[in-house]
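In what follows, chains carry the letters A, B, and so on, assigned in the order in which the sequence lines appear, proteins first and then strands, with residues in each chain numbered from 1.
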Number of protein chains: 2
Amino acid sequence: MGKQTTEMLKGTLEGIVLAILAVSPAYGYEITARLRDEGFSDIAEGTVYALLVRIEQRGLVDVEKVPSEKGPPRKVYTINAAGGAYLEEFWRTWSFLAERIEQLHERIERTNEEGE
Amino acid sequence: MGKQTTEMLKGTLEGIVLAILAVSPAYGYEITARLRDEGFSDIAEGTVYALLVRIEQRGLVDVEKVPSEKGPPRKVYTINAAGGAYLEEFWRTWSFLAERIEQLHERIERTNEEGE
DNA sequence: ACCGGTAGTTAGCAACACTGAATAGCAAGA
DNA sequence: TCTTGCTATTCAGTGTTGCTAACTACCGGT
């Protein structure tokens, strides 16, 4: 994966995972798969598991152990009230950043056009 | 500044600064000021200077020392060809990420509406 | 008995933004 | 003169984050 992507995921991956959990509860392995489906093809499994541990420790999600038919028990994560609040804050921060960056992008596009 | 903002800036601040330099060359102190004008009110000066050192070492910018009338000499940074290529890659990465996240956001908005 | 898919854990690493302090030049006011 | 204030840059140390790589563990089919 591009190095830029890696760096850009810092600070956003957490929100992305919480957003996925806001759609419906899920366990680690499943989340990794959903991320792949979403287009984040190369996110390491280890990364997701580590992230889940973090958001659990911060109390943003509730966890339930569910036996699996084909493997060790799953840890199913459900976003809770604190997680919901955190996610809202995430959207606000994201919107702010996205707006600024889009503005910059457009300004540069215009500058380039004028220069041609 | 919010902790989320700090984390989200990782990977994007570099692109933002390069984008600012793509508009016109500038020196560190000035860049900090421009960032404030852009709405990034609380980016530490030290952060900007450290970032400038990094992108200089990677050869993304050219540097010229210019005497200042009111203080020590300025280091004026100009984006070069390598920096331009890097910036383009940045826009691609950003667009990809922004698209995915917007999709997720919209999906959740819809989910919430249905639930009401 | 072995292999492949499912599921999770852990240790160590590199990159990045922040804090806080230090350095340095110059101008205007007490 | 001394000091305050603005301009301008540098540096050491910290915390968070995502990645890599290896390991454990459970199950079914060959």
Side-chain angles (χ1 to χ4, degrees), chain A residues 1-18 25-36 40-58 60-61 63-77 86 90 93 97, chain B residues 1-18 25-36 40-58 60-61 63-77 86 90 93 97:
Chain A
M1 196 169 35
K3 195 175 145 291
Q4 299 211 36
T5 310
T6 294
E7 289 308 321
M8 236 180 257
L9 280 176
K10 294 187 182 177
T12 52
L13 186 55
E14 214 171 271
I16 292 170
V17 169
L18 282 173
Y27 55 97
Y29 195 79
E30 188 187 0
I31 292 172
T32 311
R34 281 206 213 167
L35 283 170
R36 287 192 214 288
F40 300 102
S41 47
D42 291 312
I43 292 183
E45 279 188 20
T47 300
V48 175
Y49 287 116
L51 191 156
L52 289 171
V53 168
R54 280 204 304 274
I55 62 177
E56 180 187 354
Q57 280 171 348
R58 284 199 217 137
L60 305 179
V61 288
V63 188
E64 196 191 354
K65 247 188 184 151
V66 178
S68 164
E69 289 161 5
K70 29 170 90 179
R74 299 165 173 168
K75 285 177 75 177
V76 174
Y77 293 84
Y86 187 92
F90 171 79
T93 308
L97 189 63
Chain B
M1 196 169 33
K3 192 176 148 292
Q4 299 212 35
T5 309
T6 295
E7 291 308 321
M8 233 180 258
L9 281 176
K10 293 188 182 178
T12 52
L13 187 55
E14 215 171 89
I16 292 170
V17 168
L18 281 173
Y27 54 97
Y29 195 79
E30 188 187 0
I31 292 171
T32 311
R34 281 205 213 168
L35 282 170
R36 288 192 213 288
F40 301 103
S41 46
D42 290 313
I43 291 183
E45 279 188 18
T47 299
V48 175
Y49 285 115
L51 190 156
L52 289 171
V53 169
R54 280 204 304 274
I55 62 177
E56 180 187 355
Q57 281 173 348
R58 284 198 217 138
L60 305 179
V61 288
V63 187
E64 197 191 354
K65 247 188 182 148
V66 178
S68 163
E69 290 162 3
K70 28 172 89 179
R74 300 165 172 168
K75 285 178 75 176
V76 174
Y77 293 84
Y86 186 91
F90 171 78
T93 307
L97 189 63

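Residues B/Tyr77 and B/Val17 are not in side-chain contact: their nearest non-hydrogen atoms beyond the backbone lie 4.5 Å or more apart. With a 4.5 Å cut-off on side-chain heavy atoms, A/Arg36 and A/Thr32 count as touching. Annotation: side chain of B/Leu13 is not in contact with side chain of B/Val48 (no heavy-atom distance under 4.5 Å).
Under the 4.0 Å criterion applied to side-chain N and carboxylate O atoms, B/Glu30 and B/Arg74 are not assigned as salt-bridge partners.
Interatomic distance, A/Met8 CE to B/Thr93 OG1, rounded to the nearest 0.5 Å: 5.0 Å. Atom CG of A/Asp42 sits about 10.5 Å away from atom CG of A/Leu9, to the nearest 0.5 Å.
One can place CD1 of A/Ile43 at 17 Å from P of D/dA21, the figure rounded to the nearest angstrom.
Of all nucleotides in DNA chain C, those with any atom nearer than 4.0 Å to a heavy atom of chain A start and finish, going 5' to 3', at C/dT6 to C/dC16.
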**Request:** Produce a footprint string for nucleotides 7-17 of chain D: one letter per nucleotide, 5' end first; B if the base is under 4.0 Å from any protein heavy atom, S if only the sugar-phosphate is, - if neither.
**Result:** BBBBB---BBB
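The closest donor-acceptor contact from the side chain of B/Tyr49 to the backbone of B/Tyr29 lies under 3.5 Å.
The side chain to side chain donor-acceptor pair (under 3.5 Å) contacts involving residues 5-17 of chain B comprise B/Glu7-B/Lys10, B/Glu14-B/Arg58, B/Glu14-B/Tyr86, where partners must be two or more places apart or lie in separate chains.
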